[in-house]
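What follows is a single structure, written as structure tokens, with notes after it.
Please read all numbers here as calculations on a predicted model, not as lab measurements. Labels below follow one simple rule: chain letters A, B, ... track the order of the sequence lines, proteins then strands, and each chain is numbered from 1.
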Protein chains: 4
Amino acid sequence: MTPPNTGRRSEASRRAVLTAALDLLQEVEYAKISIEGLASRAGVGKQTIYRWWPSKGAVIFDAFLMLSEGAEGGPVQLPDTGDLAADLTEVLRATVTELNEPRYEQPMRALATEIAHDPELAAIYAERLDGPLREAKRQRLRRAQRAGQLAEDLDLDVAVDLIWGPLFQRWLHRSGPLTTEYADRLVATALDGLRPRR
Amino acid sequence: MTPPNTGRRSEASRRAVLTAALDLLQEVEYAKISIEGLASRAGVGKQTIYRWWPSKGAVIFDAFLMLSEGAEGGPVQLPDTGDLAADLTEVLRATVTELNEPRYEQPMRALATEIAHDPELAAIYAERLDGPLREAKRQRLRRAQRAGQLAEDLDLDVAVDLIWGPLFQRWLHRSGPLTTEYADRLVATALDGLRPRR
Amino acid sequence: MTPPNTGRRSEASRRAVLTAALDLLQEVEYAKISIEGLASRAGVGKQTIYRWWPSKGAVIFDAFLMLSEGAEGGPVQLPDTGDLAADLTEVLRATVTELNEPRYEQPMRALATEIAHDPELAAIYAERLDGPLREAKRQRLRRAQRAGQLAEDLDLDVAVDLIWGPLFQRWLHRSGPLTTEYADRLVATALDGLRPRR
Amino acid sequence: MTPPNTGRRSEASRRAVLTAALDLLQEVEYAKISIEGLASRAGVGKQTIYRWWPSKGAVIFDAFLMLSEGAEGGPVQLPDTGDLAADLTEVLRATVTELNEPRYEQPMRALATEIAHDPELAAIYAERLDGPLREAKRQRLRRAQRAGQLAEDLDLDVAVDLIWGPLFQRWLHRSGPLTTEYADRLVATALDGLRPRR
DNA sequence: TTGTAATCGAGACGGTACGTCTCGTCTTTTC
DNA sequence: GAAAAGACGAGACGTACCGTCTCGATTACAA
């Protein structure tokens, strides 16, 4: 993200910009955020933003990165009580709650949009933000698979998509209410499949 | 979308604007389309656009509407050969092909973004564009359910999400390559579920 | 100065800009006047200025033009009591007083500078502002010449330069104090010449 | 001009800046010269300029000073053949030629402007650049006066203004073509005065 | 001979203003 | 009375410089 950086970048300014970005995202729609406003909110010259970030999206993205890297203590881990269905249901319910939180909604939609339109950003997102999380999901499933709780020939990537894809899709497109019941049903249906089990 | 229309609206101008919108979407990124440019491309006064549409998104949306309503002859219908897995695979493969077509990509991402940020538009989308399609999907599954090919207590809405959600999610977030193999595996996994079948 | 003007220019905005220009010139140095500040002072969009004037200098110039054309009732005329020396002395003394007035100084230096650097502006200045005044000077001298008070073969243009040139030069370059005594001596010396008169 | 200079200033940098200033004046309009560009052209840090000169005008001025002090070998002297009219005509013709030279025009207009707007610079100009020249002019006239060729009570300062003032005025304001004929007529008219000589 | 202190090139910083672009509104003219 | 044309006030865009600042790296005195 950040250019070569010959060694003299002001860390204070960097943090001020990223913090201001997160603050603004809480207040106004992503599209209405201007570099001008961002700079003035951060108490920073516009040039300082243009010097270090190629686009508004990149700033917002870096802000998310800072947030996530600050929050996370070590590698992410999904709960593992041995009961896969229960664990997944818990995680999805938490996700539902989070997605319904107003203060996260705007920033996350902004991020989703930015990723949808900028392949380069999408790649960084996949590596830095989604990557570790996805790996954690895959590992939880792998443990279940080894315990014989999942099909032996299961493609774990497809499995992850099958569980979380519908959730994000419904949230992003508002194709229906995002409730904990939906999360429950989603987990159950994904685990058992659409076909009847004798 | 279109206001009451008391009777004096110029159909020629309306079509010119919508056609120009579709043309521009092929050429440039959605975000770079301006009302100004749209009006001049359509050979129309700016006021004519502001008079009849509340936002840029609404224009683009109306353009999609015109496109889809023009294309469609009667109600949409999913293939039904009796072999559900084969039929779903065929449809998903077709969707994969379409999503990978460059000339559809920009407009569809634009639409997705617009829906993600504008709940009102999302509602109209759900009703006018996605609605009929979703109904067709549900009906195909219902027939399979009645034929005993799907679980009796299956929530068809969740089922639709389970099949198409991962696909759109992967496309929009570019979280992985969108291939026909992926479509195949998705259908199979959704039908059988993650758990092992004895 | 003003472009073709297809017929829809706002007279109110035009006057607001020119008035603001004159106001600002009283307050701050010409070089510190910005288009941005001018527009905001005039309560006008920047584009309105850029649309109708090619440069800051052109605006200031137009402002002077408005001023002079507003002030002047009919053609300018120099006093003619029959006593050329007395008349010229009176006029030059008045000029000295005016040039020493703080509220005229800044604008006039600004105008002089602008003319010095922009030949196009200089031409308009020569025609619209300086022209009528210079003609009045020439005419006063011509009457004196006809009355036998000036040399028959005198080049009136050179004569005008000889009387007013030193004054403006001394003012602009601050090469010495600009007093009424200087004006008196200048007139006398110009009329009699440097050579001794027997 | 130059600050106290405690003894450690780099002569190389000083010359580089002044030379760059003169070079740039040949290429672009004075107003378009920036400290930033000047520093980079001179291969010098901006701070080195800000450390040693108070303003852009001061740099340009110092550059002129360097130029003039380099050129001049000893005190300036006007020609003295005994024929005052001929001598003055020769000098004024030379001045006309010089003022018409494109490579001198920009820098000299820049200098004139700077002097017009900055009284402090005007004082230094009067002392360092114009002073010696003006003294030379006065001395030539004084010799003529002693020889009885000029009026006994003539104010030599006014006389100098009368001869050179119109010329610079006409050049700076472009109020008419600057030709050798004009120079000739100017000298003749100044010497004889406007009034008829019996 | 070695500090040590000021100067140097470089360039980031918070800012102001540039000249351009588009917004959404308003006004004029044409059909 | 809707339409095309386009001027208007507003304000963001990305760039250029402003004048200040900090950073090693020379560099030339004083110890």
Examine [N]: is either OP1 or OP2 under 4.0 Å from a nitrogen or oxygen in the side chain of [X]? Give yes or no.
X: B:Arg51; N: F:dA2; result: no
X: A:Trp52; N: E:dA12; result: no
X: D:Ser13; N: E:dG9; result: yes

For [X] versus [Y], what's the shortest heavy-atom pair and its separation?
X: C:Tyr30; Y: C:Gln106; result: N-OE1, 3.7 Å
X: A:Arg174; Y: B:Ala116; result: NH2-O, 2.6 Å
X: B:Leu172; Y: B:Ala112; result: CD1-CB, 3.9 Å
X: D:Val17; Y: D:Leu38; result: O-CD1, 3.9 Å

Open item on the list: Reading DNA chain E from 5' onward, which residue's closest nucleotide shows up sooner: A:Lys46 or B:Lys56?
Closed with: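 Of the two residues, A:Lys46 wins.
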Open item on the list: If you assign each of A:Ala39 and C:Glu36 to its closest nucleotide in DNA chain E, which residue comes earlier from the 5' end?
Closed with: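 Here A:Ala39 is the residue nearer the 5' end.
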Could you state the [atom1]-[atom2] distance from [X] to [N], rounded to the nearest angstrom?
X: C:Arg9; N: E:dT27; atom1: CZ; atom2: C1'; result: 16 Å
X: C:Ile49; N: F:dC8; atom1: CD1; atom2: P; result: 11 Å
X: C:Arg14; N: F:dG9; atom1: CZ; atom2: P; result: 14 Å
X: C:Leu38; N: E:dC18; atom1: CG; atom2: C1'; result: 14 Å

Task: Residue-level proximity of residues 16-35 of chain B to DNA chain E when a heavy atom falls under 4.0 Å - done: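 Within this stretch, B:Ser34, B:Ile35 sit under 4.0 Å of the strand.
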Open item on the list: Among E:dC8, F:dC23, E:dT28, which nucleotide has an atom closest to any side-chain atom of A:Arg8?
Closed with: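 Of the candidates, F:dC23 comes closest.
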Task: Contacts of D:Thr113 that satisfy side chain to side chain donor-acceptor pair (under 3.5 Å) - sequence neighbours left out - done: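 Counting only residues at least two positions away or on another chain, D:Thr113 forms a side chain to side chain donor-acceptor pair (under 3.5 Å) with C:His117.
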Open item on the list: Can you work out whether C:Ser10 or A:Gly37 has the more 5'-proximal nearest nucleotide on DNA chain F?
Closed with: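 Residue closer to the 5' terminus by nearest nucleotide: C:Ser10.
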Task: Given DNA chain F, 5'-ward residue of the pair B:Thr48 and A:Tyr50, judged by closest heavy atom - done: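 In this pair, the answer is B:Thr48.
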Open item on the list: Is there, by distance only and without an angle test, a donor paired with an acceptor across the side chain of D:Gln47 and the base of E:dC8 below 3.5 Å?
Closed with: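 In this structure, the two groups form no donor-acceptor pair.
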- [ ] Would you list the pairs meeting salt bridge (Lys or Arg N to Asp or Glu O under 4.0 Å) in which at least one residue belongs to residues 110-124 of chain A, sequence neighbours left out?
- [x]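 Those involving residues 110-124 of chain A do not exist here.
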- [ ] Answer yes when D:Glu36 and D:Lys56 have at least one side-chain N-carboxylate O distance shorter than 4.0 Å, and no when they do not.
- [x]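 Looking at D:Lys56 together with D:Glu36, the answer is no, because their closest N to O distance does not fall below 4.0 Å.
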